[in-house]
Amino acid sequence: ELDQRRRSQEARRHLAEARTQALEYQRLSERVERLREALEGRRMGLTPWGGVEERRPVWAAERALADAEMARRHAFERADLGYARALGRVEDFHEARDGRGTLHWSAFLAAENEGDIAGCARSADTLRHLDSTRYAGLLKGDGQLSVKTMPPEAGVVLYTFEADDAVMRAVRPVSLGETPLEVASLAMGSYLLVLRADDRSETRIPINISRLGSVSLNIRLRPESEIPPGMAYIPGGRMRLGGDGEAQRGFGRRLVEVEDFCLSRLPVTVGDYIEFLDDIAVTNPDGARLRAPRLFADGPSLLPTCNGRFLLPSTSTRALDAQADWPVFGVSFDDALAFCDWKSLRDGLAYRLPTETEWEIAARGADGRHFPWGNTWEPTYCNSAHARPGPPCLEPCGNHPTDRSPYGILDMAGGVSDWTISAPREAVSDDLRVCRGGSWQHLGLRARLASRHLMWRSAVSVSVGFRLAYDPK
């Protein structure tokens, strides 16, 4: 009896120590989140040319974050050890068992949010050992789905995204019936919904079921006449962006609300752009020459002219021979705006450049993938600098079908980067604009869909072109 009392007292002492460290772990977890937000803000404020003086506070913030993460880890280990020692003294000590379970559940969620697969596995094993029944449903993580459409009675087919050679392919179609509908239990994962209704365009909606999450959709289905040819319709809603720690100038994870929009499946081609130049050259030949593709802002046109019309080059320089079906390049932000205005007037539709938020949504879908095809970089899956042996070279638009987003939009990791309408959120300069996407001259860093790079609106580049956006009525 005396030994049992002593063991109980020791267990209580270890429990008290564990609870103190668990509170410290929670405090440090909150501090880590605050430091991450502060670090992101400092990084967003950096100019590309800022130098050491501008970067020194960022390096200090990175060290502070690393120190806080280490302190958090030590607090977790001390709390876990205290709970384990308490259970070692009294095996059926429910307060210690519950405390250790709460600690590891919190650690599991943090590891999952940070992409720490090993950390998830360690905490999951501990939770199963502590109480397999209590945590089974939480670890399984099934969520719910609700779909409404306007008009109703649309057929819904659910596809599961599964990796095959590092490509997330939509497989195993299952009919869910007609809208409105609810699915009470749906496994965690990435899916594609395909909605079909009479007199409406087929609509693709990628969704992601997060742990114990609920996805509720209210989708407006549109007739074909409301979606311009060559464009994909992307229904609005609440979307997840950012969160790729390896992206260039990337944002932290955040949720945004967007309205319905359409985006071109392919970039504007050289042939499209020549049509624009020829049309404006009729009344303003000098203005047309100034808007022609070029190697630098005030440089000569890369396209020869004959009798007032722009032609494709007759000699090949391999990388820059500018075939008609290649994406246009060597045009400025203002040139892209002028093309939008011209095409809007010609077609009677208000075309524009996409925002960087719209671009990322269209490229990544709902699961936050790093590349259009999935999360693994493969240079041959897009028109990148290593897509083939020999020097890099542009190719026809759509030449790499694997470079396709969940919405069916092509060439977002390779080919040319796209101008967006967005000035940088970090407000470096009103004359800068954000470009998105990879290119034929770059590799995986630029191709990461959360990556961003800045260009002066008057600048041109052989690796930057554009595509069109449109707001359906």
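Only this structure's heavy atoms are used, side chains among them; waters, hydrogens and symmetry mates stay out. Throughout, residue positions are numbered sequentially from 1 according to the sequence presented.
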Practice task
Would you kindly check if the NZ (Lys) or CZ (Arg) of R294 is within the cone defined by 45 degrees around the ring axis of F296 and under 6.0 Å from the six-membered ring centre?
Solution key: no
Handout entry: Between D403 and Y381: side-chain donor-acceptor atoms closer than 3.5 Å
Key = no
Problem - Atom CD of E259 with >12 non-hydrogen neighbours under 6.0 angstrom - result: no
Completion exercise
The side chain to side chain contact (heavy atoms under 4.5 Å, CB included) partner of W419 among R436, E356, R433 is R433
Exercise for the section: Taking atom types as modelled, find out whether S439 and Q441 have a side-chain donor-acceptor pair closer than 3.5 angstrom. Expected result: no
Exercise for the section: Name the orientation class of the two ring planes belonging to F466 and F339 (parallel below 30°, tilted from 30 to 60°, perpendicular beyond 60°). Expected result: perpendicular
Problem - Spacing of I361 atom CD1 and M239 atom CE [to the nearest 0.5 Å] - result: 5.0 Å
Problem - L303 to P293 - nearest heavy-atom pair and separation - result: CD1-CD, 3.8 Å
Practice task
Say whether S185 and D142, considering side chains only, have a donor N or O and an acceptor N or O under 3.5 Å apart.
Solution key: yes
Exercise for the section: Could you tell me the separation between the CG atom of D98 and the CG atom of D131, rounded to the nearest 0.5 Å? Expected result: 8.0 Å
Exercise for the section: Go through W342 and R291 one step at a time and tell me if the side chain to side chain contact (heavy atoms under 4.5 Å, CB included) criterion holds. Expected result: CA-CA 12 Å; W342 166 80; R291 298 230 179 264; over 6 Å; no
Practice task
Give a yes or no on this: more than 12 heavy atoms of other residues, nucleotides or ligands lie within 6.0 Å of atom CD of E33.
Solution key: yes
Problem - Flag side-chain contact, heavy atom, 4.5 Å: P396 against N399 - result: yes
Practice task
Decide salt bridge (charged side-chain N to carboxylate O under 4.0 Å, His left out) for E69 and R36; before the verdict, give the C-alpha distance in whole Å, the side-chain angles of both, and the deciding distance to 0.1 Å.
Solution key: CA-CA 10 Å; E69 288 175 334; R36 282 181 180 154; 3.0 Å; yes
Handout entry: Sub-6.0 Å ring centroid separation between H129 and Y135
Key = no
Exercise for the section: Mark yes or no for whether S451, through its side chain, and R446, through its backbone, hold a donor-acceptor pair below 3.5 Å. Expected result: no
Problem - Nearest heavy atoms of D244 and H370, plus distance in Å - result: OD2-ND1, 3.4 Å
Handout entry: Donor-acceptor contact present, side-chain S422 to main-chain V434, <3.5 Å
Key = no
Handout entry: Polar side chain donor-acceptor pair, S344 to D341, under 3.5 angstrom
Key = no
Practice task
Using a 4.5 Å cut-off on heavy atoms from C-beta on, say whether the side chain of L192 contacts that of I205.
Solution key: no
Exercise for the section: Please confirm whether the backbone N or O of G308 pairs with a side-chain atom of T305, one donor and one acceptor, at under 3.5 Å? Expected result: no
Problem - Steps toward salt bridge (charged side-chain N to carboxylate O under 4.0 Å, His left out) verdict (R253, E37) - result: CA-CA 10 Å; R253 186 174 298 175; E37 291 178 5; over 6 Å; no
Problem - More than 12 heavy atoms from other groups under 6.0 Å of CZ on R309 - result: no
Fill in the blank from the handout: When rounded to the nearest 0.5 Å, the distance separating CG of D272 from CD1 of I274 is 9.5 Å
Handout entry: Donor-acceptor contact present, side-chain R364 to main-chain L449, <3.5 Å
Key = no
Exercise for the section: Determine yes or no for a side-chain-to-main-chain donor-acceptor pair under 3.5 angstrom, with D347 supplying the side chain and L349 the backbone. Expected result: no
Exercise for the section: Under the side chain to side chain contact (heavy atoms under 4.5 Å, CB included) rule, what do F371 and E378 come out as? Steps first, then yes or no, please. Expected result: CA-CA 9 Å; F371 306 101; E378 169 49 56; over 6 Å; no
Practice task
Measure the spacing between CZ of R42 and CD of E62 and express it to the nearest 0.5 Å.
Solution key: 11.0 Å
Exercise for the section: For the residue pair D325 and C397, establish whether any side-chain heavy-atom pair is separated by less than 4.5 Å. Expected result: no
Problem - Minimum heavy-atom distance between P285 and T283, given as atom pair plus value - result: CD-C, 3.7 Å
Handout entry: Donor-acceptor pair, side chain of R222 and main chain of K473, under 3.5 angstrom
Key = yes
Handout entry: Enclosure of E182 CD (heavy-atom neighbours >12, cutoff 6.0 Å)
Key = no
Exercise for the section: Could you give me the CA-CA distance, side-chain angles and deciding distance for D334 and R457, then say whether salt bridge (charged side-chain N to carboxylate O under 4.0 Å, His left out) is met? Expected result: CA-CA 7 Å; D334 293 310; R457 61 184 296 160; 2.5 Å; yes
Practice task
Identify the two heavy atoms, one from L127 and one from F108, that lie closest to each other, and give their separation to 0.1 Å.
Solution key: CD1-CB, 4.5 Å
Exercise for the section: Kindly indicate whether the side chain of L263, heavy atoms from C-beta on, has any atom under 4.5 Å from the side chain of Y233. Expected result: no
Exercise for the section: Is it possible for you to check whether R346 lies under 6.0 Å from the centre of the six-membered ring of F276, through NZ or CZ, and within 45° of that ring's axis? Expected result: no
Problem - Worked verdict on E153 versus R200 for salt bridge (charged side-chain N to carboxylate O under 4.0 Å, His left out) - result: CA-CA 12 Å; E153 299 182 0; R200 293 294 188 272; over 6 Å; no
Practice task
Assess the side chains of T355 and T357: does a donor N or O sit below 3.5 Å from an acceptor N or O?
Solution key: no
Practice task
Indicate yes or no for a side-chain donor-acceptor contact from S405 to the backbone of A362 under 3.5 Å, with no hydrogens or angles considered.
Solution key: yes
Practice task
Examine distances only and state if a side-chain atom of N383 and a backbone atom of W440 form a donor-acceptor pair shorter than 3.5 Å.
Solution key: no
Practice task
Can you measure from OG1 (T376) to CE (M168) and round to the nearest 0.5 angstrom?
Solution key: 9.5 Å
Problem - Heavy-atom pair with the smallest gap, counting every atom of R467 and W359 - result: NE-NE1, 4.4 Å
Handout entry: CZ (R352) with more than 12 external heavy atoms under 6.0 Å
Key = yes
Exercise for the section: May I ask you to test the Y159-V171 pair for a side-chain heavy-atom distance under 4.5 Å? Expected result: no
Completion exercise
Note: E226 and Y470 closest approach over all heavy atoms is O-CE2, 3.7 Å
Practice task
Side-chain contact test, heavy atoms from C-beta onward, threshold under 4.5 Å: evaluate it for L176 versus V157 and give yes or no.
Solution key: no
Handout entry: Donor-acceptor under 3.5 Å (T269 side chain, P327 main chain)
Key = no
Fill in the blank from the handout: Value for SG (C120) from CG (L109), rounded to nearest 0.5 Å, stands at 8.5 Å
Handout entry: pair R72-Y25: side-chain heavy atoms closer than 4.5 Å
Key = yes
Handout entry: Cationic tip of R204 above Y407 ring, under 6.0 Å, 45° of axis
Key = no
Handout entry: Flag, side chain of R169 to backbone of F161, donor-acceptor distance under 3.5 Å
Key = no
Practice task
Report yes if some heavy atom in the side chain of T380 is under 4.5 Å from a heavy atom in the side chain of T402; otherwise report no.
Solution key: no
Problem - Greater than 12 external heavy atoms within 6.0 Å of I117's CD1 - result: no
